[in-house]
Amino acid sequence: MVKIGVLGLQGAVREHVKALEAAGATAIIIKRVEQLKEVDGLILPGGESTTMRRLMDRYGFIEPLRDFSKRGKPLFGTCAGLIMLANHIVGYDEPHLGLMDITVERNSFGRQRESFETDLSIKGVTDHFPSVFIRAPHIVEVGPDVEILSEYHDRIVMARQGNLLACSFHPELTEDSRIAGYFVQMVKEAKEKINA
Ligand SMILES: NC(=O)CC[C@H](N)C(=O)O
């Protein structure tokens, strides 16, 4: 069984733990850098990216998370977590982790529609996934190694680059654990490779 961490500095943490368990993984909440060595993959949850960055700096997570990724361990960023992974953020000079070859724009679905739910088709998962968007970012542009997994009204809302997975919405806020299952499978495959 794979063990997957959920970064627990801020945001929608417990819901991810539940979804991972429903998808057959062991899940632990990560609050200290030393805990990273216990897990085979990590979820960066939704929340508020500027707050999350401040806490990552305070607890020294930036470099250890880059190392984690370099060692071939998968990361999955949802909503604010997607913003943490991106190489470029529209309107900002510097990225946060800067691991994934994507450009993201924050809060891109308009104020009057701050939060909504819609049915999305997600490549490799299902044609119908109930997706909750909360002040969500979207992916403006992807590099050549990035596979687009889902779009909503011509905006990219889910993508994968090797061991990096990112989506604009909150898959953990619905009962459907198939996206968590997709990530669990990524982590299993990465673990086999690392141990081979
Ligand atoms: N639900 C979310 O994670 C919202 C993300 C938030 N609007 C940000 O820019 O960080």
message: Under the rule for side-chain hydrogen bond (donor to acceptor under 3.5 Å, both in side chains), what residues qualify as partners of K18, not counting sequence neighbours?
response: none
task: Starting from I194, walk the hydrophobic network (Ile, Leu, Val, Met, Phe, Trp, Tyr; side-chain heavy atoms closer than 4.5 Å) and list everyone else you reach, by chain and number.
output: none
- prompt: So Y59 and R54, side chain to side chain donor-acceptor pair (under 3.5 Å) or not? Walk me through it.
  reply: CA-CA 9 Å; Y59 297 102; R54 219 176 319 117; over 6 Å; no
- prompt: Is there a side-chain contact between I43 and L20 (heavy atoms, below 4.5 Å)?
  reply: yes
- prompt: So do the side chains of L164 and S69 get within less than 4.5 Å of each other, counting heavy atoms only?
  reply: yes
field: Spatial distance of atom SG (C79) from atom CZ (R135) [nearest 0.5 Å]
entry: 7.5 Å
Distance-only check: which donor-acceptor pairs under 3.5 Å involve side-chain atoms of residues 25-37, not counting sequence neighbours?
residue, atom, partner, partner atom, Å
K31, NZ, G8, O, 3.1
R32, NH1, E34, OE1, 3.1
Q35, OE1, K31, N, 2.6
Q35, OE1, R32, N, 2.8
Q35, NE2, I29, O, 3.2
K37, NZ, E34, O, 3.0

- prompt: Is it true that atom CD of E141 has more than 12 heavy atoms of other residues, nucleotides or ligands lying nearer than 6.0 Å?
  reply: no
- request: Describe, in one word, how the ring planes of F76 and H16 are oriented to each other, choosing from parallel (under 30°), tilted (30 to 60°) and perpendicular (over 60°).
  value: perpendicular
- prompt: Is there side-chain contact between L55 and F61, with at least one heavy-atom pair below 4.5 Å?
  reply: no
query: Is a side-chain N or O of R160 found less than 3.5 angstrom from the main chain of A166, in a donor-acceptor match?
result: no
- request: Taking the side chain as every heavy atom from C-beta outward, state whether H96 and M56 have any pair of such atoms under 4.5 Å apart.
  value: no
- request: In sequence, state the C-alpha distance, the side-chain angles, and the governing distance for H138 and S108, and then conclude on side chain to side chain donor-acceptor pair (under 3.5 Å).
  value: CA-CA 6 Å; H138 82 285; S108 39; 2.8 Å; yes
statement: Tightest non-hydrogen contact, residues P74 and D40, listed as CD-O, 3.3 Å
query: Under a 4.5 Å cut-off applied to non-hydrogen side-chain atoms, are M158 and I122 in contact?
result: yes
- request: Mind checking the CD1-OG spacing from I134 to S115? Nearest 0.5 Å is all I need.
  value: 5.5 Å
- request: Name the orientation class of the two ring planes belonging to F109 and F116 (parallel below 30°, tilted from 30 to 60°, perpendicular beyond 60°).
  value: perpendicular
field: N/O donor-acceptor pair under 3.5 Å between D145 side chain and Q161 backbone
entry: no
- prompt: Between Y152 and F169, does the ring centre distance come in under 6.0 Å?
  reply: no
message: Any salt bridge linking D67 with R71? Criterion: basic side-chain nitrogen under 4.0 Å from a carboxylate oxygen.
response: no
query: For R14, does the CZ atom have more than 12 heavy-atom neighbours from other residues, nucleotides or ligands under 6.0 Å away?
result: no
